[in-house]
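Order of listing sets the numbers, starting from 1, for every ligand and every atom in it. Quick caveat: nothing in here was measured; it's all calculated off a predicted structure. Just so you know, these numbers use all the heavy atoms, side chains as well, and skip hydrogens, waters and symmetry mates. Counting begins at 1 with the first residue of the sequence.
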Amino acid sequence: MEKTKSNLCYPLAGVVVIASLASCNSQQTEKQKPLNIVYIMTDDHTAQMMSCYDNRYVETPNLDRIAADGVRFTQSFVANSLSGPSRACMITGKHSCANKFYDNTTCVFDSSQQTFPKLLQKVGYQTALVGKWHLESLPSGFDYWKIVPGQGDYYNPDFITQNNDTIEKHGYITNLITDDAIDWMENQRNPGQPFCLLIHHKAIHRNWLADTCNLALYEDKTFPLPDNFFDNYEGRPAAAAQEMSIVKDMDMIYDLKMLRPDKNSRLKSLYEKYLGRMDQAQRAAWDKFYGPIIDDFYQKSLQGKELANWKFQRYMRDYMKTVKSLDDNVGRVLDYLKEKGLLDNTLVVYTSDQGFYMGEHGWFDKRFMYEESMRTPLIMRLPKGFERRGDVTEMVQNIDYAPTFLELAGVEIPDDIQGISLVPLLKGEHPENWRKALYYHFYEYPAEHMVKRHYGIRTERYKLIHFYNDIDCWELYDLQADSTEMHNLYGQAEYEPVVEELKNELLKLQEQYKDPVRFSPERDKE
Ligand code: SGN
Ligand code: CA
């Protein structure tokens with residue numbers, strides 16, 4: 001039986017009703033509907049590869065619909081540019097030092113801690129999660145969940161169900177996650193309750209396996225190399241020590257798909273494992289597409305800059321094809337919400353667990369506090385009553401999502417949450433006391449890609465980074481003059497006052513967030 005309004009089982013008193021935000025004289029019944037939240041988060045989808053942020057590369061018409069009917073955050077950042085930590089920051093509203101999930105390799109999320117889905121449940125929200133979780137412990141705080149183990153697979157992936165069973169589903173991951181999310185909205189949720197649905201995609205994660213129907217796309221496109229593709233990392237020893245270079249570290253077979261029986265590479269067996277998940281038809285389509293490219297590649301024996309450029313082009317195309325599925329599937333969710341009349345009453349958020357390098361500094365991957373990976377896309381389709389459109393330019397961070405959702409649901413924001421609610425920004429306000437600086441801390445080292453531990457502060461104009469652990473090295477960038485962060489100004493006499501001010505601010509942030517790993521100003525002066 002379909003539930004009617006009189007069956008509402010959530011405490012309306014605790015809920016911000018649209019009425020307080022609405023500019024129109026809509027009916028009382030309409031006004032009292034609490035907002036639903038559909039939060040779509042991809043993995044490694046960077047703003048350079050979304051046409052609402054950057055029109056150089058790929059068209060993302062469905063993502064652009066979200067931005068067009070709401071807002072685009074132009075200064076959106078993560079607190080720790082890596083999957084697990086980023087997800088932990090997002091779900092707790094706290095920096096890694098407070099939620100204790102520092103890295104992908106050694107941490108298990110303490111699921112007994114406070115998270116925003118748990119707090120939403122308390123006021124009667126129905127909560128659901130589908131897709132990549134990556135926090136090692138099983139999800140808690142969700143009425144429904146279905147997750148992929150670890151990173152998940154692109155083809156015919158396994159899912160872990162709420163009974164802790166593992167089931168294999170046939171098809172392509174981005175479609176399957178979306179199918180499940182729509183199925184939950186359509187058949188499993190209680191229409192009498194507001195809901196918060198987290199759709200966490202595995203795509204666009206390495207190694208960018210496209211759906212067979214998209215393999216042929218973008219093959220006619222050629223992309224210019226970023227200006228700093230051949231960066232020599234002068235004055236930046238930590239940047240020089242990384243292992244995430246397209247030229248040096250991208251695997252010819254695993255990343256670039258040049259599989260041939262007589263060729264070997266470090267990650268060949270992993271690639272074969274992934275291909276081994278495909279059924280006959282999928283594998284046939286795969287081989288049919290890549291076969292001629294492989295033949296052509298080995299025949300040419302490219303070297304040096306020609307090979308570098310070839311790798312870059314293949315990387316860009318594979319990534320874009322994976323984005324295409326994502327964009328189509330976001331479109332399916334938007335269409336579903338529209339068809340069911342839910343759009344007016346639902347906040348739709350689209351973001352990623354971090355940004356990514358598309359050849360800038362010569363890289364793929366993320367981790368660094370430099371712009372491309374510290375940034376993350378953030379666009380929101382706003383429900384009725386929120387008139388704000390266009391760009392939000394205040395600096396925001398993924399620890400802000402939890403307090404935003406709590407405020408929208410009428411939940412008092414707990415004192416220990418470190419993020420700031422974005423609701424005033426969504427209402428068109430420009431709070432004078434908005435944060436002037438962001439804190440960042442990356443811990444996963446030594447580990448894959450060898451990005452050294454670092455923390456730092458970013459203001460509108462400057463970025464100060466301290467690489468520590470097996471190195472003790474500071475970097476300062478003037479983002480206005482050097483947006484691609486090529487010139488480390490640290491140590492130059494004329495910047496001493498700027499450095500001193502930033503160090504004071506950095507220390508304040510480390511104290512504010514209670515980060516036990518701090519630099520010592522005394523020792524630093526020695
Ligand atoms: C895997 C990838 C890495 C990537 C990490 C973390 N290697 O280990 O390239 O940096 O995930 O990514 S792979 O050989 O398995 O593809 S994260 O987004 O999950 O943090
Ligand atoms: Ca990621």
- Could you label the plane-to-plane angle of the F364 and Y315 rings as parallel, tilted or perpendicular, counting under 30° as parallel and over 60° as perpendicular? perpendicular
- Message: What protein heavy atom lies closest to atom 13 (S) of ligand 1? Include the residue and the distance to one decimal.
- Response: Y254 OH, 3.2 Å
- Within a distance under 4.0 Å of any heavy atom of D43, pick out the atoms of ligand 1 and give their elements. 18 (O)
- Item | Atom CD of E306: over 12 foreign heavy atoms under 6.0 Å | no
- Shortest non-hydrogen separation from A210 to L215 and the atoms involved: CB-CD2, 4.1 Å
- Query: Hey, is there an N, O or S on Q354 sitting under 3.0 Å from the Ca ion (ligand 2)?
  - Reply: yes
- Message: Among Y440, Y468, F519, which residue satisfies the ring pair (Phe, Tyr, Trp, His ring centres under 6.0 Å) criterion with H454?
- Response: Y440
- Message: Once you restrict to heavy atoms under 4.0 Å, what part of D353 touches ligand 1? Side chain, backbone, both or neither.
- Response: side chain
- Message: Under 4.0 Å, counting heavy atoms only: does L82 come that close to any atom of ligand 1?
- Response: yes
- Identify, by name, the N, O or S atom of D44 lying closest to the Ca ion (ligand 2). OD1
- So is F364 close enough to ligand 1, meaning a heavy atom under 4.0 angstrom away? no
- Item | Residue from D179, D180, D158 passing salt bridge (Lys or Arg N to Asp or Glu O under 4.0 Å) with K169 | D180
- Message: Suppose I only count heavy atoms of Q354 and a 4.0 Å limit; which atoms of ligand 1 are within that range?
- Response: 18 (O)
- Query: Angle subtended at the Ca ion (ligand 2) by OD1 of D43 and OD1 of D353, to 10 degrees?
  - Reply: 80°
- Hey, would you say the H134 and F109 ring centroids sit under 6.0 Å apart? no
- Taking only heavy atoms of H134 into account, list the atoms of ligand 1 that are under 4.0 Å away from them. 19 (O)
- atom 10 (O) of ligand 1: nearest protein contact (heavy atom, Å): D365 OD1, 2.6 Å
- Task: Could you tell me which atoms of ligand 1, counted from 1 in the order shown, lie closer than 4.0 angstrom to a heavy atom of R367?
- Result: 4 (C), 5 (C), 6 (C), 10 (O)
- Query: Tell me, which protein residue and heavy-atom name are nearest atom 12 (O) of ligand 1, and how many Å apart are they?
  - Reply: K366 NZ, 2.8 Å
- Message: Considering non-hydrogen atoms of the protein only, which is the closest contact for atom 7 (N) of ligand 1, and what is the distance?
- Response: E448 OE2, 2.8 Å
- Message: If we ignore hydrogens and angles and just use 3.5 Å, is the side chain of N99 paired with the main-chain N or O of K94 as donor and acceptor?
- Response: yes
- the protein heavy atom lying closest to atom 19 (O) of ligand 1 turns out to be Q151 NE2, 2.8 Å
- Evaluation steps, side chain to side chain donor-acceptor pair (under 3.5 Å), between H45 and Y350: CA-CA 10 Å; H45 192 191; Y350 182 85; 2.7 Å; yes
- Fit a plane to each ring of H466 and Y455, take the angle between them on a 0 to 90° scale, and name the class: parallel (under 30°), tilted (30 to 60°) or perpendicular (over 60°). perpendicular
- Message: Once you measure the plane-to-plane angle for Y271 and Y254, does it fall in the parallel (<30°), tilted (30-60°) or perpendicular (>60°) bin?
- Response: perpendicular
- Message: In terms of relative ring orientation, are Y443 and H441 parallel, tilted or perpendicular, with 30° and 60° separating the classes?
- Response: parallel
- Message: To check your reading of the model: name the closest protein heavy atom to atom 9 (O) of ligand 1, its residue, and the distance in Å.
- Response: H449 NE2, 2.7 Å
- Region of K132 that comes within reach of ligand 1 [heavy atoms, distance under 4.0 Å]: side chain
- Name the closest protein heavy atom to atom 17 (S) of ligand 1, giving the residue it belongs to and the distance to 0.1 Å. S83 CB, 3.2 Å
- Query: Does the ring center of Y336 lie less than 6.0 Å from the ring center of W184?
  - Reply: no
- Task: Tell me which part of H205 gets within contact of ligand 1: side chain, backbone, both or neither, using heavy atoms under 4.0 Å.
- Result: side chain
